[in-house]
Amino acid sequence: MPLSKNFDFRSCEFAVAKRWECARAFRAGANALEGADTYCIMIPPPNVTGNLHMGHAFNNTLQDILVRWHRMRGFDTLWQPGQDHAGIATQMVVERKLADDGLPARREMSRDAFLEKVWEWKEESGGTIINQLKRLGASCDWERNRFTMDPEFHDAVLRVFVSLYRQGLIYRGKRLVNWDPHFETAISDLEVQQVEVRGRMWRLRYPLADGATYSHPTGADADGRPSGFETRAYLVVATTRPETMLGDTGVAVHPDDERYRHLVGKSVVLPLTGRVVPIVADEYADPEKGTGAVKMTPAHDFNDFDVGARTGLRTINVMDGRAAMLLEGNAEFLDGCAPPEETMAIHGLDRFEARERVVNLAEEQGWLDGVDEDVHMVPHGDRSGVAVEPYLTDQWFVDAAALAEPAIEAVRSGETRIHPERDEKHYFRWLENIEPWCISRQLWWGHQIPVWYDEDGKVYCAVTEAEARSAAGDKPLVRDEDVLDTWFSSALWPFGTLGWPERTPELARYYGTDVLVTGFDIIFFWVARMMMMGINQMGEVPFHTVYVHALVRDAKGKKMSKSLGNVLDPIGLIDEYGADAVRFTLTSMAAMGRDLKLSTGRIAGYRNFGTKLWNAARFAEMNGCRPDPGFDPLVLRVPLNRWIVGETARAREAVDAALAEFRFNDAAAVLYNHVWARVCDWYVEFSKPLFQGVDAAAADETRATMAWVIDQCLVLLHPIMPFITEQLWGDLAERRKMLVHVDWPDYASAEVADDAADRMMAWVIGLVEQVRSVRSELRVPAGATVPMSWLELDRAGLDALADNHAMIRRLARVGEVSRADHAPDGAVTIPVDGGVFCLELAELVDVTAERVRLSKVRHRLDDEITKIRSRLANERFTANAPEHVIDEQHARLEAAAGELAKLQSAIDRIPAA
RNA sequence: GGGCGUAUAGCUCAGCGGGAGAGCACUUCGUUGACAUCGAAGGGGUCACUGGUUCAAUCCCAGUUACGCCCACCA
């Protein structure tokens, strides 16, 4: 059945995908050669309930290209798919869903009941993203799909926890952590985003205890010296967070600060509470900032906590988990003071309401010194979007610094390489300054920490409760309620998915994977942590190359986000333009930049490219070009065929070279150019007269070559455009293998290409282009066949003309080309390498237009010749430049001069106006 | 406050120490039996600015400007 006029991607994509699936074409090791090296990529697991966004589409297209390329090359290839349970994100979605459905909130149901809801949601939506990845053409081994909450994976997570605990690399401690008051959980440093907030800075007066006073400088002269002094009975502190003053346990000044040093050791009476707190000296207090005196709230500020630890200040927590003020019944708070009623009325207020209340009271009571507008960065939870609270709680931590060392070393030594190199710097910078990693989360959805406590609070860390019990004797145990940071489990992805801790064949075979393809936004979250965990648990790096790619942005360069409403849905685009077009677009934009901007116009362009390819194949089919498994590119006779075979080999080499260096866009550009500009624009056109000509042998050879050339286009394009190529591959012939498993070619241009054929075809193409250009500029009707002859022609030119006569006639739309002794009147001469042609335009030629045309060319040549001459006349150039550069300049000069001479004779022939 | 990145055609972007490129857009022409999701021919750029290195700089170096990103303890 002949091919249809266009590629019907809507129906074909599903059919092709079905065939791959039925053939289990993507399973690990498919198409592997005997004893082949392995090639393994771990998918960055998308959130299980997520939807495919452009970033996924991009990321997975690049992985799929690498995977398909290696699979075709006979590697034992595994692309391991899976999904992440995404603790906070998923819990958030389900909680919102419960609210939308009018169901009881999480806290109104039991943990088990809530988790059941999450699993229900997972079952309902968990397959979505897999299907979307399949739509994209992702050739993962879907039968091996893993989920980070699979029982086996869960087991692996617990084992790693226990292992690290036993190595002393996991510990529990009461520390200040970033607390998300919305989700009521600790989060890690990385999950905190600094957001610029327009706020205020309040100056508060804390009266000195025992009626003490001191002399404080006022004003300043030009040299910054105080212009006077006043007697003060209070210290002024500045803060953006007045509500935390309820938890103040001191005031810090710099030990060398002349203004305050004599006050160190004295105390202030904290307003609202009557608590007497010391003035301490600490270098943290910066005399240049604020008033130089800093209120200390060790339980609600990271710096204050450190200062407090150094100077012996108490910690007083004055908030609950939702960041509402906690005063009533708060023993820490009430210890040492008896706050008045109006202070206790702050109890239960949200921190922001409390802030207002405290400021109002300060004003009423006369200890508000002043207010300034202030823009500052406030840390927010990246998921909840609310300001996080430094909060003092018991949490589990990983000693990240210890794990970081070998992870740094592995990249330094080159065992793992990061591309592009600048991302190595980010990796090092982060790991070298790493802080303890808070891994416990006060959530329900996740891997519950494998720790049990007895009634004395003694810790039993074990993989199973039974094990913990036996270690505890008969004592009753209670399990730690917290779950682990999602990234803790993602960090185990490269070995957890391969069956660890079982010593599976897959683990032995594929661990120490080849490439990790990821965006730079999760280098710290994920890449660095996989390195740490992989090396610690497996004794071997999880991957040998990290390819860091750009982020996808909208056409204006903005990060795509739902809140901005600028999200381009890849599935919608696939529906509209086809998966291949979307893939090709993403591939062609994959240069190692920082971000890439996507517009639909570009996708449409690559959809057209698919159509072009389709029609080239259709042309081949219509002309009886049948793929011949025995085709040998080395025994061709017709120069045209010898040439295109060499071009194909060069394209193959360029594609391989580009992919080997992750230069995806180069590979795409090479193929685009090869298929469209070389095969379609020239080879197909040249073949037409041959198919219709009398030389049956040449026609047959061209048919066979054409079939081969198209096949090679399909093969080479397959990693980028798998659907259309697979479809055509099947449509064009009965084949032993599907394209997805066809062996990647290895022909080299050195053996296949033929210099003489290349030169000849370049000459023919040049001639045709010149004739077309002349015709167009002189406004010769496009349909007119113009007489053409040659005035002089060297041996090579005569051969080229003879061998390609019909092709030249057709593409240049000229008549029989024969020898002429002189240019007839009204003829336009066309200089070529080794000869001169003339187009006999006669009455068709517009003399004025021709003069303009020629003088334009002449100017260009004059400029070039002048430039090269002056360069060659420069002695310092000839003395210093490498020989090949000088030779090149001479050659260019000669060529330009020759062209100019021919042009001049053409100009001379034009009748004077 | 620190660090990094980017400035090349109208737009989106490649490129790179010795002849400025692509796609889209634009102009003109075209019912050429693969394709109008097409074909042919064109126009369009002091490669951000200033200085330096070099025989030679869009490319390397320094600085400037603009935009963007990341990190940082909210006085």
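Remember, predicted model here, so these are calculated numbers, not experimental data. Letters A, B, ... mirror the listed sequences (proteins, then strands); counts begin at 1.
- We find that CD of Q193(A) is positioned 7 Å from P of C70(B), with the value rounded to whole Å.
- The interatomic distance linking L778(A) (CG) with G42(B) (P) rounds to 11 Å, in whole Å.
- With sequence neighbours left out, F525(A) forms a ring-ring contact (aromatic ring centres under 6.0 Å, His included) with W487(A).
- Between R618(A) and N615(A), the side chains place a donor N or O and an acceptor N or O closer than 3.5 Å (distance only, hydrogens not considered).
- For G42(B), one of the phosphate oxygens OP1 or OP2 lies less than 4.0 angstrom from a side-chain nitrogen or oxygen of S773(A).
- Every residue two or more places apart in sequence or in another chain that forms a side-chain contact (heavy atoms from CB on, under 4.5 Å) with D350(A) is listed here: F352(A), E353(A).
- Across the C1' atoms, U6(B) and C47(B) are found 14 Å apart, a figure rounded to whole Å.
- D666(A) places no side-chain N or O within donor-acceptor distance of the main-chain N or O of A658(A), the cut-off being under 3.5 Å.
- The separation between N673(A) atom CG and G21(B) atom C1' is 11 Å, rounded to whole Å.
- For the C1' atoms, the distance from C49(B) to A66(B) is 11 Å, rounded to whole Å.
- Using a 4.0 Å cut-off between charged side-chain N and carboxylate O, E864(A) and R892(A) make a salt bridge.
- In the set A14(B), G18(B), A40(B), A14(B) carries the atom at the smallest distance from any side-chain atom of N665(A).
- Checked against C55(B), C71(B), G18(B), the side chain of R429(A) finds its nearest nucleotide in C71(B).
- Atom-to-atom distance recorded for R205(A):CZ and L368(A):CG is 8.5 Å, nearest 0.5 angstrom.
- The structure places CG of L714(A) at 6.5 Å from CG of L732(A), a figure rounded to the nearest 0.5 Å.
- In the displayed structure, R429(A) atom CZ is contacted under 6.0 Å by more than 12 heavy atoms of other residues, nucleotides or ligands.
- Residues forming a ring-ring contact (aromatic ring centres under 6.0 Å, His included) with W614(A) (at least two apart in sequence, or on another chain): F7(A).
- A donor-acceptor contact closer than 3.5 angstrom is absent between the side chains of N665(A) and S588(A).
- Between G44(B) and U53(B), the distance separating the two P atoms is 35 Å to the nearest Å.
- With G39(B), A72(B), U37(B) as the choices, the nucleotide that has an atom nearest any side-chain atom of Q194(A) turns out to be A72(B).
- The CG-C1' distance, from N6(A) to A36(B), rounds to 11 Å in whole Å.
- Separating the P atom of C67(B) from that of A36(B) is a span of 47 Å, rounded to the nearest Å.
- A salt bridge is defined here as a Lys NZ or Arg NE, NH1 or NH2 lying under 4.0 Å from an Asp or Glu carboxylate O, and D372(A) with R203(A) meets this definition.
- Here the separation of G68(B) from C26(B), taken at their P atoms, is 30 Å to the nearest Å.
- Out of C71(B), U37(B), C73(B), the shortest distance to the side chain of N303(A) is found at C73(B).
- Comparing atom distances between the T611(A) side chain and each of G18(B), A41(B), U37(B) picks out U37(B) as nearest.
- In this entry the distance linking CZ of F524(A) with P of A72(B) reads 9 Å, nearest Å.
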Protein proximity profile, nucleotides 23-33 of chain B - base contact B, sugar-phosphate-only contact S, no contact -, cut-off 4.0 Å on heavy atoms: S----S-S-B-
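- Between K5(A) and the phosphate of A36(B), there is a side-chain N or O to OP1/OP2 separation shorter than 4.0 Å.
- Annotation: C61(B) and G18(B) have their P atoms spaced 15 Å apart (nearest Å).
- Taking only side-chain atoms of R871(A), from C-beta outward, the nucleotide of A34(B), A14(B), G19(B) with the closest atom is G19(B).
- Between the side chains of H426(A) and D423(A), a donor-acceptor pair is found at a separation under 3.5 Å.
- Between R241(A) and E389(A) there is a salt bridge, since a side-chain N of the basic residue sits under 4.0 Å from a carboxylate O of the acidic one.
- Rounding to the nearest 0.5 Å places CD of E621(A) at 13.0 Å from CE of M706(A).
- Rounding to whole angstrom units, CZ of residue R198(A) and P of C74(B) are separated by 18 Å.
- When the C1' atom is compared between A56(B) and U65(B), the two are found 28 Å apart, to the nearest whole Å.
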Intra- and inter-strand pairs of RNA chain B in dot-bracket (Watson-Crick or G-U wobble, both distances under 3.5 Å; | for another strand): (((((((..((((....[..)))).(((((.......))))).....(((((..]....))))))))))))....
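- For H426(A), the listed nucleotide lying nearest its side chain is C4(B); candidates were G18(B), C4(B), A34(B).
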Per-nucleotide protein contact string for nucleotides 56-61 of chain B, where B marks a base within reach and S marks sugar-phosphate only (heavy atoms under 4.0 Å, - for neither): ------
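- Within 4.0 Å (heavy atoms only), Y284(A) reaches at least one base atom of the nucleic acid.
- In this structure, R772(A) places its CZ atom 6 Å from P of A40(B), rounding to the nearest Å.
- Rounded to an integer number of Å, the gap from CG of L872(A) to P of G19(B) is 12 Å.
- Only the P atoms considered, C4(B) is 32 Å distant from G10(B), to the nearest whole Å.
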